[in-house]
2 protein chains.
Amino acid sequence: MGNRKIVSEAVIKRLPRYLRYLCELKNNDILRVSSKELSLRMGLTASQIRQDLSCFGEFGQQGYGYNVEFLFDSISTILGTDKGFNVIVIGAGNMGRAIANSESIQSRGFKVTGIFDIKEELIGSEINGIKVLDIKDVKEFIKTTNVDIVALTVPRERTKEVAENMFEYGVKGLWNFSAMELTLPKEIIVENVHLSDSIMVLGYKINNN
Amino acid sequence: MGNRKIVSEAVIKRLPRYLRYLCELKNNDILRVSSKELSLRMGLTASQIRQDLSCFGEFGQQGYGYNVEFLFDSISTILGTDKGFNVIVIGAGNMGRAIANSESIQSRGFKVTGIFDIKEELIGSEINGIKVLDIKDVKEFIKTTNVDIVALTVPRERTKEVAENMFEYGVKGLWNFSAMELTLPKEIIVENVHLSDSIMVLGYKINNN
DNA sequence: TAGATTGTTAATCGATTAACAATC
DNA sequence: TAGATTGTTAATCGATTAACAATC
């Protein structure tokens with residue numbers, strides 16, 4: 001299911017950013033926006049915005065521009081955030097807790113339905129109202145409840161093993177926070193958040209500014 | 001100072017990834033690698049690896065390939081991680097603590113030298129051996145010690161104000177974890193980590209796989 | 001109606017890939 | 001020497017930008 005046309009990675013990555021700006025316009029009670037106006041705010045070209053949106057349909061009107069709320073809702077639908085995703089977090093450390101507590105993630109339709117850890121002292125505690133469960137029970141949890149995404153925040157040395165298990169259990173998406181490459185079959189989507197990569201890019205730019 | 005040739009964003013973003021793979025080779029006591037071998041491991045073309053590296057100099061040898069350790073060190077130098085960067089964290093919440101505790105960040109030459117928060121109950125506590133200081137003292141801290149990068153993990157509504165202060169205090173780089181766009185003068189480099197953008201891209205890919 | 005702005009086609013630009021002489 | 005592999009130039013591919021007819 002889903003859109004069959006292949007849309008480039010670059011376009012997909014811009015969608016959440018559009019959503020962010022549209023949300024801001026909405027919060028300021030702005031009803032309409034042209035590609036020109038939006039391009040000025042976002043620092044890209046009006047052409048690119050129109051080209052990007054045209055990958056998914058027609059959302060504007062000649063002479064008028066785009067209805068902010070309609071465009072926001074449309075992009076939400078494209079991203080699937082209107083339907084919602086169930087997320088479990090494996091690893092109840094600082095990063096896991098940050099995810100479980102993130103308002104911006106929840107506000108986009110991602111619901112943390114479970115948190116798992118291996119440490120005795122963490123099991124049974126609560127994070128943002130969600131009980132931390134024993135990692136031993138994660139297989140059963142995935143089999144019996146609907147889990148779309150697994151956020152992986154376990155120590156580096158455990159990442160590979162846990163990731164492979166998740167694939168085996170039929171999880172559709174892995175959100176990997178370990179500074180480690182995961183090579184898994186293409187049936188499971190892996191999205192990496194390599195914090196150290198990000199800060200290294202920042203370091204490079206500082207030195208070469 | 002630094003390299004005057006303008007290197008494209010795409011190339012820069014691949015550098016930390018090269019470093020990651022080279023580190024792994026090093027750990028497995030592999031002394032040499034050809035662009036072909038590396039390309040197979042990394043899932044890109046040998047051509048691209050050679051093209052990327054050629055932006056910065058000549059690191060290989062015909063008929064031999066690349067000395068793993070030398071290439072690792074060279075890329076470290078390009079990224080400036082050999083010299084080291086001092087980082088302060090503003091916001092001692094889960095994300096701030098995750099940064100202060102991250103081994104992968106520290107192993108790449110980024111040293112957390114201070115953590116700041118506004119909350120009375122956090123001030124004076126220790127995170128990874130670093131004392132949490134009062135946000136009121138951050139200006140003085142920046143003026144008197146060498147701070148290269150500020151990691152911003154404060155709540156959304158405080159982000160803009162703190163970011164502007166950091167610019168004013170002469171900080172060179174901002175590592176922004178808020179789901180908010182920062183528009184600051186180009187003298188200060190901003191690198192964004194928008195976790196919600198990342199999980200939305202994952203959601204899209206799951207739906208359209 | 002006149003002005004504004006879309007969606008799309010064509011042109012341009014930049015990034016990736018292929019090819020190959022140089023040489024270890 | 002023969003084989004391997006670099007760094008670089010040329011060719012290709014894809015993404016961004018410009019232009020414009022359609023139309024609100």
Side-chain angles (χ1 to χ4, degrees), chain A residues 3 5-18 21-22 25 30-75 77-78 201 204-205 208, chain B residues 3 5-18 21-22 25 30-75 77-78 201 204-205 208:
Chain A
N3 198 338
K5 183 153 41 115
I6 296 142
V7 178
S8 81
E9 182 86 11
V11 174
I12 298 164
K13 284 205 173 139
R14 276 192 293 269
L15 294 179
R17 194 153 171 261
Y18 288 133
Y21 275 89
L22 290 165
L25 292 174
I30 295 165
L31 298 179
R32 54 176 277 197
V33 69
S34 68
S35 57
K36 186 79 207 301
E37 284 168 340
L38 194 55
S39 75
L40 290 172
R41 283 173 184 266
M42 296 184 65
L44 31 84
T45 66
S47 237
Q48 180 161 65
I49 293 174
R50 296 202 300 276
Q51 193 75 274
D52 283 355
L53 296 177
S54 77
C55 296
F56 306 100
E58 305 187 2
F59 307 102
Q61 204 162 55
Q62 285 106 322
Y64 174 86
Y66 301 89
N67 175 289
V68 171
E69 187 142 15
F70 177 71
L71 187 55
F72 177 87
D73 291 345
S74 299
I75 296 179
T77 304
I78 293 163
V201 169
Y204 176 88
K205 289 179 179 171
N208 299 86
Chain B
N3 199 339
K5 185 156 36 122
I6 296 142
V7 178
S8 82
E9 183 86 9
V11 174
I12 297 164
K13 283 204 174 141
R14 277 191 294 269
L15 294 179
R17 193 153 171 261
Y18 288 133
Y21 275 89
L22 290 165
L25 292 173
I30 295 165
L31 298 179
R32 52 177 277 197
V33 68
S34 69
S35 58
K36 186 81 206 300
E37 285 168 339
L38 195 55
S39 75
L40 290 173
R41 284 173 182 266
M42 296 184 66
L44 31 83
T45 65
S47 238
Q48 181 163 65
I49 293 175
R50 296 203 300 276
Q51 192 74 275
D52 283 356
L53 296 176
S54 77
C55 295
F56 306 100
E58 305 186 3
F59 306 103
Q61 204 161 54
Q62 285 106 322
Y64 174 86
Y66 301 90
N67 175 289
V68 171
E69 186 142 16
F70 178 70
L71 187 55
F72 178 87
D73 292 345
S74 299
I75 296 178
T77 304
I78 292 163
V201 169
Y204 175 88
K205 288 179 180 172
N208 299 84

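Letters go in sequence order (proteins before strands), and every chain restarts at 1. What you see is a predicted model; the values in this text were computed from it and never measured.
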Exercise. Considering Watson-Crick and G-U wobble pairs with both distances under 3.5 Å, what does dT5(C) pair with?
Worked result: dA22(D)
Problem set entry | Nearest-0.5 Å distance, OG of residue Ser39(A) to CZ of residue Arg50(A) | 9.0 Å
Problem set entry | Distance in Å, Ser74(B) OG paired with Leu22(B) CG, rounded so as to fall on 0.5 Å steps | 9.5 Å
For this session: Check the surroundings of atom NZ in Lys205(A): do more than 12 heavy atoms from other residues, nucleotides or ligands lie under 6.0 Å from it?
Result: yes
Exercise. Taking CZ from Arg32(B) and P from dT6(D), how many angstroms apart are they, rounded to a whole number?
Worked result: 9 Å
Exercise. Can you tell me how far C1' of dT6(C) sits from CG of Leu71(A), to the nearest Å?
Worked result: 13 Å
For this session: Please determine, for the side chain of Arg50(B), which listed nucleotide (dG7(D), dT16(C), dT8(C)) has the closest atom?
Result: dG7(D)
Exercise. From dT8(C), dG7(C), dG7(D), pick the nucleotide closest to the side chain of Tyr66(B)?
Worked result: dG7(D)
Seminar exercise, completed: Sorted by position of nearest nucleotide on DNA chain D, 5' first, the leading residue of Arg14(A) and Gly65(B) is Gly65(B)
For this session: Provide, to the nearest angstrom, the distance between the CD atom belonging to Gln62(A) and the C1' atom belonging to dT8(C).
Result: 11 Å
Problem set entry | Residue pair Gln48(B) / Tyr18(B): nearest heavy atoms and the distance that separates them | O-OH, 4.1 Å
For this session: Send over the distance from Gln61(B) CD to dA4(D) C1', rounded to a whole Å.
Result: 12 Å
Exercise. For Leu44(A) and dT17(D), what is the distance between atoms CG and P respectively, to the nearest whole Å?
Worked result: 8 Å
Problem set entry | Under 3.5 Å on both distances, the Watson-Crick or G-U partner of dT17(C) | dA10(D)
Exercise. Looking across every strand, which nucleic acid part, if any, lies under 4.0 Å from Ser34(B) by heavy atom: base, sugar-phosphate, or nothing?
Worked result: sugar-phosphate
Exercise. How do Val11(A) and Tyr64(A) order along DNA chain D: which one's closest nucleotide is nearer the 5' end?
Worked result: Val11(A)
For this session: Rounded to the nearest angstrom, tell me the gap between atom CD1 in Ile6(B) and atom P in dG14(C).
Result: 11 Å
Exercise. Taking the side chain of Glu58(A) as heavy atoms from C-beta outward, which of dG7(C), dT16(D), dT5(D) is closest to it?
Worked result: dG7(C)
Problem set entry | Ser54(B), nearest nucleotide to its side chain (from dT8(D), dT5(D), dC24(D)) | dT8(D)
Problem set entry | Interatomic distance where CD belongs to Glu9(B) and P belongs to dA15(D) [whole Å] | 17 Å
Problem set entry | Ser35(B) side-chain proximity, nearest of dT16(D), dT6(D), dC24(C) | dT6(D)
Problem set entry | Nucleotide nearest Gln51(B) when distance is taken to its side chain, options dT5(D), dT5(C), dT17(C) | dT17(C)
Problem set entry | Integer-rounded Å distance: dT17(D) C1' and Asp52(A) CG | 12 Å
Exercise. What does Ser47(B) touch in the nucleic acid at a heavy-atom separation under 4.0 angstrom: a base, only the sugar-phosphate, or nothing?
Worked result: base
Exercise. Charged N to carboxylate O under 4.0 angstrom, Lys13(B) versus Glu9(B)?
Worked result: yes
For this session: Measure up the Phe56(A) and Tyr204(B) rings against each other and bin them: parallel (under 30°), tilted (30 to 60°), perpendicular (over 60°).
Result: perpendicular
Problem set entry | Closest to side chain of Gln48(B), choosing from dT8(C), dT16(C), dA15(D) | dT16(C)
